[in-house]
Amino acid sequence: MTLLFPRMRVAAGFLLGVCFALAGCENEVLKPEPADTDYYPLQVGSYRVYRVEVKNYSNNVVTTSTLQRRERVVDTYTNVSGALTYRLIRSVRPNATAAWQDDSVMTLTVKPTTVELSSNNRRTVELVFPAKNDVQWNRDVYNDRDTVIAKTRQYQAVGAAYTIGGQSYNRTITTVDPSPDTIFYRRSQRQIFAQGVGPVYREKRVLNYCQGTPGQNCQIGSGYVVIGEERRETLIEYKP
């Protein structure tokens with residue numbers, strides 16, 4: 001609903017400012033800013049379908065494959081800490097004409113300041129609120145992958161427009177998991193969330209370069225990938 005106030009700012013349903021001038025205030029039509037949680041909207045019955053491109057490396061030989069993945073919200077419950085949790089079923093199929101095959105189950109818990117993902121017995125912090133550029137946090141604070149004080153995820157391009165696969169999104173946020181590349185390995189992960197839509201793009205790289213292990217016919221520092229994987233997921237269909 002559009003609200004009419006003299007020089008007032010409204011954000012997420014709260015008044016953030018008032019007109020202090022004694023005269024000459026002009027009426028402005030202002031709309032409340034959507035909550036940051038709208039970057040990952042969830043509702044029972046909603047789903048998202050992704051085109052997944054995978055590159056697998058073995059002794060510097062690349063094998064490329066494609067498939068489709070669907071994430072469908074099937075129900076909700078309140079977890080032990082009283083937070084609303086959504087259960088999603090992941091399904092896969094080799095192409096658009098094949099039948100879906102259920103693959104795994106994950107849960108997403110939405111709190112006032114975070115969105116938390118539980119998948120494969122691992123709990124991670126996907127988003128933190130408010131979303132601001134360069135804000136950093138520990139995605140693995142609830143598991144044993146890293147120390148509690150580590151900063152393993154951060155925001156970039158908050159509020160930026162983004163276009164991929166012929167689809168444009170007016171407002172997005174990007175999360176990256178910064179990790180320094182070395183001559184021995186490369187680790188990177190990036191996700192883009194569109195306001196009112198959710199995750200629209202994901203990419204992940206895990207590459208292990210030549211280590212100089214006896215029996216390996218490769219040169220350290222040459223970029224020779226002994227084993228690794230690159231995965232890109234692009235949203236192609238969704239139901240709010």
Side-chain angles (χ1 to χ4, degrees), residues 37 39-44 46-58 63-94 98-111 113-128 136-154 173-179 185-193 198-208 226-236 238:
T37 52
Y39 282 109
Y40 209 144
L42 294 162
Q43 180 175 303
V44 174
S46 65
Y47 66 81
R48 301 176 182 88
V49 178
Y50 299 88
R51 182 178 186 270
V52 184
E53 303 171 77
V54 183
K55 290 184 178 180
N56 286 299
Y57 294 80
S58 179
T63 302
T64 303
S65 61
T66 60
L67 56 92
Q68 290 188 354
R69 167 170 283 172
R70 182 180 67 186
E71 297 176 358
R72 178 166 50 98
V73 183
V74 294
D75 59 28
T76 64
Y77 62 92
T78 302
N79 68 12
V80 293
S81 62
L84 180 61
T85 299
Y86 296 81
R87 190 166 69 96
L88 289 77
I89 293 180
R90 281 176 166 170
S91 306
V92 295
R93 63 184 181 184
W100 289 108
Q101 300 292 326
D102 292 346
D103 175 70
S104 58
V105 176
M106 66 179 189
T107 63
L108 284 163
T109 300
V110 181
K111 299 179 179 179
T113 57
T114 61
V115 173
E116 298 166 11
L117 169 69
S118 293
S119 179
N120 297 320
N121 295 317
R122 182 184 173 210
R123 181 180 169 196
T124 56
V125 180
E126 295 298 288
L127 301 174
V128 299
Q136 298 178 329
W137 68 96
N138 184 355
R139 68 172 187 267
D140 294 311
V141 67
Y142 296 117
N143 62 65
D144 60 359
R145 292 290 183 91
D146 218 326
T147 63
V148 173
I149 62 172
K151 303 297 184 182
T152 53
R153 181 162 290 176
Q154 69 182 51
I173 55 176
T174 298
T175 66
V176 295
D177 297 0
S179 178
Y185 63 85
R186 182 180 182 184
R187 306 282 189 270
S188 67
Q189 186 167 338
R190 183 166 69 110
Q191 301 183 87
I192 298 173
F193 302 79
V200 298
Y201 180 74
R202 301 172 177 136
E203 67 177 33
K204 185 176 183 179
R205 293 182 179 90
V206 179
L207 305 177
N208 294 321
V226 176
I227 191 169
E229 181 182 277
E230 294 181 312
R231 177 179 292 260
R232 296 179 175 87
E233 302 182 11
T234 304
L235 184 72
I236 58 174
Y238 80 98

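All figures in this text were calculated on a predicted structure; none of them were measured in a lab. Side chains included, hydrogens not; waters and symmetry mates left out as well; all remaining heavy atoms used.
- In this structure, the side chain to side chain contact (heavy atoms under 4.5 Å, CB included) partners of Ser118, at least two apart in sequence or on a different chain, are Thr107, Arg123.
- Leu84 CG: more than 12 foreign heavy atoms inside a 6.0 Å radius.
- Trp100 places no side-chain N or O within donor-acceptor distance of the main-chain N or O of Arg70, the cut-off being under 3.5 Å.
- Not counting sequence neighbours, the partners of Arg231 by the salt bridge (Lys or Arg N to Asp or Glu O under 4.0 Å) test are Glu229.
- Partners of Gln191 by side chain to side chain donor-acceptor pair (under 3.5 Å), not counting sequence neighbours, listed by chain and number: Glu126.
- Here the straight-line distance linking atom OH of Tyr185 with atom CG of Asn208 works out to 10.0 Å at 0.5 Å rounding.
- For the atom pair CD (Gln189) and OG (Ser179), the distance works out to 11.0 Å, reported to the nearest 0.5 Å.
- For Asn143, the side chain to side chain contact (heavy atoms under 4.5 Å, CB included) partners two or more places apart in sequence, or in a different chain, are Arg122, Thr124, Asp140, Arg145.
- Here the closest non-hydrogen pair linking Val73 and Gln43 is CB-O, 3.3 Å.
- The minimum heavy-atom distance between Tyr39 and Phe193, with the atom names listed, is O-CB, 3.5 Å.
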Report the C-alpha distance between Val52 and Val92 in whole Å, list the side-chain angles of each, state the deciding distance to 0.1 Å, and finish with yes or no for side-chain contact (heavy atoms from CB on, under 4.5 Å).
CA-CA 10 Å; Val52 184; Val92 295; over 6 Å; no

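- Atom CZ of Arg190 is separated from atom OG1 of Thr175 by 9.5 Å, given to the nearest 0.5 angstrom.
- Distance OG1/Thr76 to CG/Leu42: 10.5 Å, rounded to 0.5 Å.
- Annotation: side chain to side chain donor-acceptor pair (under 3.5 Å) contacts of Gln154 (sequence neighbours excluded): Gln136.
- The two residues Lys204 and Val206 make their nearest non-hydrogen contact at CE-CG2, 4.1 Å.
- A distance of 6.0 Å separates CD1 in Ile227 from OG in Ser58, rounded to the nearest 0.5 Å.
- The shortest non-hydrogen separation linking Gly198 to Pro41 is N-CD, 3.7 Å.
- With sequence neighbours excluded, the residues that form a salt bridge (Lys or Arg N to Asp or Glu O under 4.0 Å) with Asp177 are Arg139, Arg153.
- Taking Thr114 as the reference, Glu116 meet the side chain to side chain donor-acceptor pair (under 3.5 Å) condition, with sequence neighbours excluded.
- For Arg202, the salt bridge (Lys or Arg N to Asp or Glu O under 4.0 Å) partners are Glu71, Glu233, not counting sequence neighbours.
- A salt bridge does not link Arg90 with Asp103: none of the charged nitrogens is closer than 4.0 Å to a carboxylate oxygen.
- When the side chain to side chain contact (heavy atoms under 4.5 Å, CB included) test is applied to Tyr238, the partners found at least two apart in sequence or on another chain are Arg48, Val197, Leu235, Pro240.
- When the shell of 6.0 Å around NZ of Lys111 is examined, it contains more than 12 heavy atoms from other residues, nucleotides or ligands.
- Residue Val128 comes nearest to Trp137 through the heavy atom pair CG2-CE3, 3.4 Å, listed as atom of the first residue, atom of the second, then distance.
- Looking at residues two or more places apart in sequence or on another chain, you find no side chain to side chain donor-acceptor pair (under 3.5 Å) involving Tyr50.
- For Thr113, the side chain to side chain contact (heavy atoms under 4.5 Å, CB included) criterion is met by no residue, not counting sequence neighbours.
- Minimum interatomic distance between Thr152 and Pro178 (heavy atoms only, all atoms of both residues): O-CD, 3.8 Å.
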How far apart are the C-alpha atoms of Leu108 and Val115, what are their side-chain angles, what is the distance that settles it, and do they pass the side-chain contact (heavy atoms from CB on, under 4.5 Å) test?
CA-CA 7 Å; Leu108 284 163; Val115 173; 4.0 Å; yes

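- For the salt bridge (Lys or Arg N to Asp or Glu O under 4.0 Å) test, residues two or more places apart in sequence or in another chain that qualify with Glu53 are Arg51.
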